[in-house]
Amino acid sequence: MKFIAHRGESMDAPENTMASFRLAWERDAVGIEGDFYKLTDGRIACMHDQNAKRTCGVDVDICTINYAELNTFDAGSFKGAEWAGEKAPLLDDIFREMPASCAIYAEVKDDSDGIIEAIKDLAEKYKITSEQLIIISFSEAAIVRASEVLPKSKRYLLTGLKETDSGFSPTADEMIEKLKNVYADGVDCCCNPLPDRDYVSKVQAAGLEFHIWTVNDVENAQRMIDAGVDSITSDCAAKLRNFFA
């Protein structure tokens with residue numbers, strides 16, 4: 001089973017910082033996940049929330065600032081004093097250090113014009129292969145655009161399920177139709193609620209992949225392994241990988 005480090009090893013280090021990604025690499029992560037927005041200067045910054053308040057203490061929409069401004073923010077202290085001074089990195093920083101053995105699930109949070117093209121340019125600059133670069137997004141438009149700009153990189157639509165009296169919504173057939181309509185290679189699905197094996201198998205039988213996020217406990221990880229998912233994204237990916245090794 002592939003365990004993907006969610007925002008890096010974010011249970012132990014401040015999310016979406018180089019400290020968190022480096023810790024994931026030190027722990028031999030096969031994949032990391034990060035969240036990306038385009039700044040006003042066209043650079044691609046890594047942060048989960050569009051507003052920097054939660055992790056940096058600055059109430060600002062990061063899509064309205066440039067990198068020089070973002071680089072003044074402390075993105076580590078919210079996790080503890082030992083992380084003071086950590087910065088919100090650029091995608092450049094991540095690509096520059098990412099081992100060839102590691103993949104990145106790059107979540108496009110901002111589907112504005114040019115962000116997919118900018119990611120492509122950076123991947124080429126740092127010789128990131130199509131196998132290493134996976135685009136994930138809640139935005140169907142971003143997935144469609146990635147299919148055009150990065151056709152060799154896999155693309156997973158982020159979404160979730162709801163439990164109803166008759167089963168899951170959307171149904172597996174509806175999920176398959178949606179994924180095919182946006183040229184996705186699979187789905188990256190929220191763990192609440194957890195899909196069952198029948199649902200996962202039906203999606204996979206249609207030639208699509210099924211990934212799950214964010215699972216942090218052994219019991220639910222086991223359920224997803226038993227369901228046959230293709231990867232599990234976790235805040236403690238190394239811990240789970242080692243448990244199931």
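Residues Glu97 and Trp25 form a side-chain contact, since some pair of their non-hydrogen atoms from C-beta on lies under 4.5 Å apart. Considering only heavy atoms from C-beta on, Ile212 stays 4.5 Å or farther from Asn220 through its side chain.
Remark: the Asn216 side chain and the Ser234 side chain contain an N/O donor-acceptor pair separated by less than 3.5 Å. No donor-acceptor contact under 3.5 angstrom links the side chains of Asp230 and His211, judged on distance only.
Cluster membership check: Ile128 shares its hydrophobic cluster with Leu91, using side-chain heavy-atom separations under 4.5 Å among Ile, Leu, Val, Met, Phe, Trp and Tyr.
When the shell of 6.0 Å around CZ of Phe78 is examined, it contains more than 12 heavy atoms from other residues, nucleotides or ligands. Residue-environment remark: NZ (Lys154) stays at or below the threshold of 12 foreign heavy atoms within 6.0 Å.
Not a single donor-acceptor pair under 3.5 Å links the side chain of Glu15 to the backbone N or O of Gly8. Under the 3.5 Å distance criterion, the side-chain polar atoms of Thr72 are matched with a main-chain donor or acceptor of Glu69. Between the side chain of Gln132 and the backbone N or O of Ile104, no donor-acceptor pair lies under 3.5 Å. Side chain of Lys120 to backbone of Leu150: no donor-acceptor contact under 3.5 angstrom is found. Without hydrogens or angle criteria, Glu86 side chain to Pro14 main chain gives no donor-acceptor distance under 3.5 Å.
Taking Ile, Leu, Val, Met, Phe, Trp and Tyr as hydrophobic and joining them when side-chain heavy atoms fall under 4.5 Å apart, one finds Leu39 in a cluster with Tyr37, Met47, Val58, Val60, Ile62, Ile65, Tyr67, Leu70, Phe73, Leu90. Grouped with Met11 in a hydrophobic cluster is no other residue, since no side-chain heavy-atom contact under 4.5 Å to another Ile, Leu, Val, Met, Phe, Trp or Tyr is found.
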Return all side-chain donor-acceptor pairs below 3.5 angstrom for residues 186-202, not counting sequence neighbours, or 'none' if the list is empty.
| unit_1 | atom_1 | unit_2 | atom_2 | d |
| --- | --- | --- | --- | --- |
| Asp196 | OD1 | Asp198 | N | 3.3 |
| Asp196 | OD1 | Tyr199 | N | 2.9 |
| Arg197 | NH1 | Asp226 | O | 2.5 |
| Tyr199 | OH | Pro170 | O | 2.8 |
| Tyr199 | OH | Thr171 | O | 3.4 |
| Ser201 | OG | Arg197 | O | 2.9 |
| Lys202 | NZ | Asp173 | OD1 | 3.3 |
| Lys202 | NZ | Asp173 | OD2 | 3.3 |

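Arg145 and Glu117 are joined by a salt bridge, as a carboxylate oxygen and a charged side-chain nitrogen come within less than 4.0 angstrom of each other.
Taking each heavy atom of Ile135 and Ala146 in turn, the nearest pair found is CG2-CB, 4.1 Å.
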